[in-house]
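Structure record follows, encoded as structure tokens.
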Amino acid sequence: MSEIGSEVLVIGGGAAGMSAALPASARAKVTVVDDNPLLGGQIWRAELGKIRSPEAKLLIESLEAGKITVINNAHVFGPDSYGRLLAESPDGTIQLKYEKLVLATGARERFLPFPGWTLPNILGAGGLQAMVKGGLSIENKRVVVAGTGPLLFAVADYLKAKGAIVVCIAEQAPAATIRRFALGLWRYPTKITQGTAMRIRLRDVPYLTNSWITGCIKSSGSSNAITATISRRGKTVSLDCDYVACGFHLVPSTELASVLGCRIEKGVVVVNEYQQTSVANIYCAGEPTGIGGIEASLVEGKIAGLSATGQTDAAREHFAERDKTRRFGKALNSAFALRAELKRLAGPDTIICRCEDVEYGRLTEFPSSREAKLQTRCGMGPCQGRICGAATEFLFGWEPGTVRPPIFPVKMENL
Ligand SMILES: Cc1cc2nc3c(=O)[nH]c(=O)nc-3n(C[C@H](O)[C@H](O)[C@H](O)COP(=O)(O)OP(=O)(O)OC[C@H]3O[C@@H](n4cnc5c(N)ncnc54)[C@H](O)[C@@H]3O)c2cc1C
């Protein structure tokens, strides 16, 4: 087992983690650990080595040029002893020693089960985008993008630019709510610019509000073709496609914070104004503190990096900007709140936990995720409830179960 010591250890090389590492490195020895082969996180994940955004390029180059140690391809799976974490890398286990820790572990998509959601070519919206960034050819493939949230737009825009035929974007939120959200964007000019540019590029793609996916079946004929059904204003519409990219907004990734004893409330890591968690030497920034978009991740990261290295006056200068991004996050989460009809999508034999093949019908008798786990193994598979946990929370109102290390499956020899 190798050992790496840092004054400030940052977990997550996305917008928040990179933004924390830079100001911290002016005062301290900093290490950034990320489980991807390259820095950038979800939004800036390099596309086969090419980085599209100039802002990301600048951050990544500054990081690489600085005294910061970057460890890629390493999955942090839990604490070792006090002030030490363990990560699994292709070369074995790394023990990461720290004085201050910044958690910038991002978010993941929320999946809601519907009949047929486990068929091939039905993927998370961000998941399909990541696969295309990784080299999957989407040219001339028909894609239905469905679910909720602005990520649907970003994904449709990306896939179209890569040659996909985007059949439609089915957004479950009501048109009036989206309109209200859009009108409130005057406070965020960059969002207006980005949104308008995307809308123009997607002008030939129908944006169906009040519409949600109700099921998918394999089409007869071509091997992976799908017929997706959409509920649209009380009517059912069938659409033929090759892929369904479906995601219902995002869920903060709080598992690492949770095993380290940080307080989690309503699914987010609780932090004070300096981004400090309930554990004194642990800070948290970006999506784990609440879904707020890239600007929130950037500014929270900056505050966390400055605060962790005692630069509190400089950190305070960013509070107003951070509070503004939080207001945006609040408006975002309320505009794209899930409608009650989505609770009725799954049938008795719809799989909810796909790791352990547990159907909806088997879960309805249990009062809690713990009971369901003990009796059915729901949430006990390799994803450790990352997929079904958010779904059962929405479907049954269950509190998520306790998180225990290792938070990811790890090879026996690395434990
Ligand atoms: C699938 C997906 C796709 C998205 N696509 C877009 C998009 O196209 N456009 C857009 O505007 N927004 C997109 N978003 C939202 C976007 O992620 C955020 O606005 C922004 O990137 C958040 O930055 P972050 O640093 O908080 O998190 P992230 O960018 O998610 O960075 C977190 C990083 O931490 C790593 N990590 C997490 N846990 C560990 C661990 N235990 N060990 C090691 N590394 C770890 C992750 O792999 C990731 O690289 C997407 C979100 C998701 C979930």
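Throughout, residue positions are numbered sequentially from 1 according to the sequence presented. We count ligands from 1, going down the list as the structure has it; atoms in each ligand are counted the same way.
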(request) Could you tell me which non-hydrogen atom of Glu287 sits nearest to which non-hydrogen atom of Pro252, and how far apart they are? (result) O-CB, 3.3 Å
(message) Heavy-atom distances under 4.0 Å decide this one: backbone, side chain, both or neither, for Ala107 against ligand 1?
(response) backbone
(request) Scan Val155, Val145, Val143 and name whichever one has a side chain to side chain contact (heavy atoms under 4.5 Å, CB included) with Leu128. (result) Val143
(message) For atom 41 (N) of ligand 1, what's the nearest protein heavy-atom neighbour? Residue, atom name and distance, please.
(response) Val76 O, 3.0 Å
(request) Report the nearest protein non-hydrogen atom to atom 44 (N) of ligand 1: residue, atom name, distance rounded to 0.1 Å. (result) Asp35 N, 3.1 Å
(request) Indicate, as side chain, backbone, both or neither, the part of Ala74 found under 4.0 angstrom from ligand 1 when only non-hydrogen atoms are considered. (result) backbone
(message) Measuring from non-hydrogen atoms of Ser253 to any atom of ligand 1, is the shortest distance under 4.0 Å?
(response) no
(message) Test of understanding: given a 4.0 Å heavy-atom threshold, classify the contact between Ala104 and ligand 1 as side chain, backbone, both, or neither.
(response) backbone
(message) Any nitrogen or oxygen of Leu151, side chain or backbone, less than 3.5 Å from one on ligand 1?
(response) no
(request) Could you name the option among Gly12, Gly292, Gly127 that has the heavy atom nearest to atom 34 (O) of ligand 1? (result) Gly12
(message) Centroid separation under 6.0 Å, is that true for the rings of Phe394 and Phe248?
(response) no
(request) Evaluate the side-chain proximity of Leu256 to Ile11: yes if any heavy-atom separation is below 4.5 Å, no if none is. (result) yes
(message) I'd like the name of whichever of Leu96, Thr105, Asp157, Leu298 reaches closest to atom 37 (C) of ligand 1 through any heavy atom.
(response) Thr105
(message) So if I count the atoms of ligand 1 from 1 in the order they appear, which ones are less than 4.0 Å from some heavy atom of Asn36?
(response) 47 (O), 49 (O)
(message) For atom 27 (O) of ligand 1, which of the options Gly293, Gly106, Gly14 provides the nearest non-hydrogen atom?
(response) Gly106
(request) Flag the pair Cys241 / Val244 as yes when at least one side-chain heavy-atom distance between them is below 4.5 Å, and no otherwise. (result) yes
(request) May I ask you to check whether Ser297 has an N/O atom sitting below 3.5 Å from an N/O atom of ligand 1? (result) yes
(request) Taking the side chain as every heavy atom from C-beta outward, state whether Trp212 and Arg339 have any atom pair closer than 4.5 Å. (result) yes
(message) Counting C-beta onward and ignoring hydrogens, is there a side-chain heavy-atom pair between Val358 and Ile351 closer than 4.5 Å?
(response) no
(request) Could you pull out, from Ile294, Leu39, Ile407, the option with a heavy atom nearest to atom 19 (O) of ligand 1? (result) Ile294
(request) Test Asp242 against every option in Arg142, Lys141, Lys218 by the salt bridge (Lys or Arg N to Asp or Glu O under 4.0 Å) rule and name the one that passes. (result) Arg142
(request) Provide, to 0.1 Å, the distance between atom 33 (C) of ligand 1 and the closest protein heavy atom, together with that atom's residue and name. (result) Asp34 OD2, 3.4 Å
(message) Is the contact between Phe408 and ligand 1 made by the side chain, the backbone, both, or neither, using heavy atoms and a 4.0 Å cut-off?
(response) side chain
(request) Examine Gln42 against ligand 1 and note whether any of their N/O atoms are separated by less than 3.5 Å. (result) yes
(request) Only one of Ile226, Ile122, Ile138 passes side chain to side chain contact (heavy atoms under 4.5 Å, CB included) with Tyr243; say which it is. (result) Ile138
(request) If you have a sec, work out which protein heavy atom is nearest atom 11 (O) of ligand 1 and how many Å separate them, to one decimal? (result) Ile43 CD1, 3.0 Å
(message) Can you give me the closest heavy-atom contact between Cys388 and Cys378, atom names plus distance?
(response) SG-SG, 4.1 Å
(request) Going by heavy-atom distance to atom 16 (C) of ligand 1, choose the closest among Glu255, Glu287, Arg110. (result) Glu287
(message) Could you identify the single nearest non-hydrogen protein atom to atom 25 (O) of ligand 1 and state the distance to 0.1 Å?
(response) Ala16 N, 2.9 Å
(message) I want to know if ligand 1 touches Leu250 in the polar sense, i.e. an N/O pair below 3.5 angstrom.
(response) no
(message) When you compare ligand 1 with Arg108, is there at least one nitrogen or oxygen pair between them that comes in under 3.5 angstrom?
(response) no
(message) I'd like to check whether Ala154 has a polar contact with ligand 1, where a contact means an N/O of the residue lying under 3.5 Å from an N/O of the ligand.
(response) no
(request) With the side chain counted from C-beta on, respond yes when Leu415 and Glu413 share a heavy-atom pair under 4.5 Å apart, and no when they do not. (result) no
(message) Using every non-hydrogen atom in the two residues, find where Val271 and Gln275 come nearest and quote the distance to one decimal.
(response) CG1-O, 3.5 Å
(message) Please list the nearest protein heavy atom to atom 8 (O) of ligand 1 with its residue and the distance rounded to 0.1 Å.
(response) Gln129 NE2, 3.0 Å
(request) Would you mind listing every side-chain hydrogen bond (donor to acceptor under 3.5 Å, both in side chains) that reaches into residues 21-34, with sequence neighbours excluded? (result) Ser6-Thr31, Asp34-Asn36
(request) With the side chain counted from C-beta on, respond yes when Lys160 and Tyr158 share a heavy-atom pair under 4.5 Å apart, and no when they do not. (result) no
(message) So if I count the atoms of ligand 1 from 1 in the order they appear, which ones are less than 4.0 Å from some heavy atom of Gly286?
(response) 26 (O)
(message) Could you tell me, atom by atom, which parts of ligand 1 come under 4.0 Å of a heavy atom of Gly41?
(response) 29 (O), 31 (O), 49 (O)
(message) Salt bridge or not between Lys373 and Glu356? Use side-chain N to carboxylate O under 4.0 Å.
(response) no
(request) Could you say whether the N/O atoms of Ile11 and ligand 1 ever approach to under 3.5 Å? (result) no
